[in-house]
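In what follows, a structure is listed as structure tokens, so that the remarks can point back to it.
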Amino acid sequence: MCTVTFIPTSNGFIITSNRDERVARERAITPMEYEIDGCKITFPKDPQAGGTWIANTDNKVIVLLNGAAEKHEIKPYYLKSRGLIVLELASSSHSLNLWDAMDLEAIEPFTIILWENNKLHQLQWNEIEKSKVEFAINSHHIWSSSTLYPKEIRAKRENWFTHFLANNQKLDEEAILNFHQLKEKTNSEYGLQIERNNELKTVSITQCLITSESIKMSYLDLME
């Protein structure tokens, strides 16, 4: 929920997500298929709130990042977990229409990356207004959570991503997974895989391989 990449390949797309979370938080349940409102959805479940940070159906992938464009002040109470918003959008037959109609008052700011019907959108809520931006599916993209990474660090990560793309002719699942495990040698707080005083760290990496035939999710638990 804190670093996401989107990479087009010769036969589809690969979406990969790093989850940075408090070590003390209960570990997520390994991805399984669930049926919600008649829709079959695959996702790793957060046992604390029942939601998720990444989910896929047969025609969409939805990924959550904490925060909108810039870091916000955390309030003492929010109405609903952002991970439940992911499942609401995933189970909808018209995710963008639902997004337009959603009332997000008293929900903490977030960013959602939505790939659906061969289109890629960024959806954001900043506590004041919603936004919706379409991204090119023939380009590579990286997002980092504004709550954990200030603007200059997000720019540095974009440079790492550009360097990775320029130096890897074979952009397959393994190469991208290795990139998502990159550790910054001089600062363990800001690599792609982070560790902050053994309190906050990258606990898992989830990857969705999208082809014309299927969407397959794989899951790497870094706490094992």
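Keep in mind that what you see is a predicted model, and the values were worked out from it rather than measured. Every heavy atom of this structure was used, including side-chain atoms; hydrogens, water molecules and symmetry mates were not.
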Would you check if there is a donor-acceptor pair between the side chains of [Y] and [X] at a distance under 3.5 Å?
{"X": "Thr16", "Y": "Gln207", "answer": "yes"}
{"X": "Asn159", "Y": "His163", "answer": "no"}
{"X": "His72", "Y": "Glu108", "answer": "yes"}
{"X": "His180", "Y": "Thr3", "answer": "no"}

Could you give the distance from [atom1] ([X]) to [atom2] ([Y]), rounded to the nearest 0.5 Å?
{"X": "Ile205", "Y": "Ser218", "atom1": "CD1", "atom2": "OG", "value": "9.5 Å"}
{"X": "Ser144", "Y": "Arg154", "atom1": "OG", "atom2": "CZ", "value": "7.5 Å"}
{"X": "Ile142", "Y": "Ile7", "atom1": "CD1", "atom2": "CD1", "value": "8.5 Å"}
{"X": "Ile194", "Y": "Leu182", "atom1": "CD1", "atom2": "CG", "value": "12.5 Å"}
{"X": "Cys208", "Y": "Lys60", "atom1": "SG", "atom2": "NZ", "value": "13.5 Å"}
{"X": "Leu120", "Y": "Ser139", "atom1": "CG", "atom2": "OG", "value": "10.0 Å"}

Original post:
Can Asp20 and Lys201 be said to form a side chain to side chain contact (heavy atoms under 4.5 Å, CB included), step by step?
Top reply: CA-CA 5 Å; Asp20 301 339; Lys201 66 187 299 183; over 6 Å; no
**OP:** Name the orientation class of the two ring planes belonging to Trp99 and Phe110 (parallel below 30°, tilted from 30 to 60°, perpendicular beyond 60°).
**Re:** perpendicular
Subject >> Parallel, tilted or perpendicular: rings of His141 and Phe135 (30°, 60°) >> reply: perpendicular
Work out which heavy atom in [X] is nearest to a heavy atom in [Y]; give both atom names and the distance.
{"X": "Asn56", "Y": "Val61", "value": "CB-CG2, 3.9 Å"}
{"X": "Ala68", "Y": "Ser146", "value": "O-OG, 2.8 Å"}
{"X": "Ala175", "Y": "Lys170", "value": "CB-O, 3.6 Å"}
{"X": "Ile15", "Y": "Phe6", "value": "CG1-CD1, 3.6 Å"}
{"X": "His140", "Y": "Pro8", "value": "CD2-CD, 3.6 Å"}
{"X": "Lys130", "Y": "Met102", "value": "NZ-O, 2.8 Å"}

Please tell me if the side chains of [X] and [Y] come closer than 4.5 Å, counting only heavy atoms from C-beta onward.
{"X": "Arg22", "Y": "Val203", "answer": "no"}
{"X": "Ile85", "Y": "Lys80", "answer": "yes"}
{"X": "Glu70", "Y": "Lys151", "answer": "yes"}
{"X": "Thr211", "Y": "Phe13", "answer": "no"}
{"X": "Gln193", "Y": "Leu222", "answer": "yes"}
{"X": "Pro44", "Y": "Arg19", "answer": "no"}
{"X": "Arg82", "Y": "Ile107", "answer": "yes"}
{"X": "Ile54", "Y": "Phe43", "answer": "no"}

**OP:** Step through the shown structure and confirm whether more than 12 heavy atoms of other residues, nucleotides or ligands are within 6.0 Å of NE2 on His94.
**Re:** no
Original post:
Are more than 12 heavy atoms from other residues, nucleotides or ligands located less than 6.0 Å from atom CD of Glu174?
Top reply: no
Original post:
Looking at residues at least two apart in the chain, or sitting in another chain, which of them share a side-chain hydrogen bond (donor to acceptor under 3.5 Å, both in side chains) with Asp58?
Top reply: none
Subject >> Arg196: side-chain hydrogen bond (donor to acceptor under 3.5 Å, both in side chains) partners, not counting sequence neighbours >> reply: none
Original post:
What do the steps show when you test Thr111 against Leu123 for side chain to side chain contact (heavy atoms under 4.5 Å, CB included), and what is the final call?
Top reply: CA-CA 6 Å; Thr111 299; Leu123 312 177; over 6 Å; no
Same apolar cluster (I L V M F W Y, side chains within < 4.5 Å links), [X]/[Y]:
{"X": "Ile62", "Y": "Leu96", "result": "yes"}
{"X": "Leu165", "Y": "Ile14", "result": "yes"}
{"X": "Leu65", "Y": "Leu87", "result": "no"}
{"X": "Leu171", "Y": "Ile215", "result": "no"}
{"X": "Ile137", "Y": "Val133", "result": "yes"}

Mark yes or no for whether [X], through its side chain, and [Y], through its backbone, hold a donor-acceptor pair below 3.5 Å.
{"X": "Ser92", "Y": "Leu89", "result": "no"}
{"X": "Lys71", "Y": "Ser145", "result": "no"}
{"X": "Asn18", "Y": "Ser204", "result": "no"}
{"X": "Ser17", "Y": "Thr206", "result": "no"}

**OP:** Tell me whether the centres of the aromatic rings in Tyr149 and Trp143 are closer together than 6.0 Å.
**Re:** no
**OP:** Run the numbers on Lys75 and Glu127 for salt bridge (Lys or Arg N to Asp or Glu O under 4.0 Å), then give the verdict.
**Re:** CA-CA 11 Å; Lys75 295 179 179 178; Glu127 289 187 300; 3.4 Å; yes
**OP:** Give the intermediate values and the outcome of side chain to side chain contact (heavy atoms under 4.5 Å, CB included) for residues Lys45 and Thr52.
**Re:** CA-CA 5 Å; Lys45 180 183 283 190; Thr52 189; 5.9 Å; no
Original post:
What do the steps show when you test Ile176 against Phe164 for side chain to side chain contact (heavy atoms under 4.5 Å, CB included), and what is the final call?
Top reply: CA-CA 9 Å; Ile176 298 165; Phe164 163 72; 4.2 Å; yes
Subject >> Residue that, paired with Ser95, satisfies side-chain contact (heavy atoms from CB on, under 4.5 Å) out of Leu114, Asp100, Ile112, Thr57 >> reply: Leu114
**OP:** Taking the six-membered ring of Tyr190 (Phe, Tyr or Trp), confirm whether the NZ or CZ of Arg157 is under 6.0 Å from its centre and within 45° of its axis.
**Re:** no
Exercise answer: donor-acceptor pairs, residues 24-40 side-chain atoms, under 3.5 Å, sequence neighbours excluded:
| from | atom 1 | to | atom 2 | distance (Å) |
| --- | --- | --- | --- | --- |
| Arg25 | NH2 | Asp46 | OD2 | 2.4 |
| Arg27 | NE | Asp221 | OD2 | 3.4 |
| Arg27 | NH2 | Asp221 | OD2 | 2.6 |

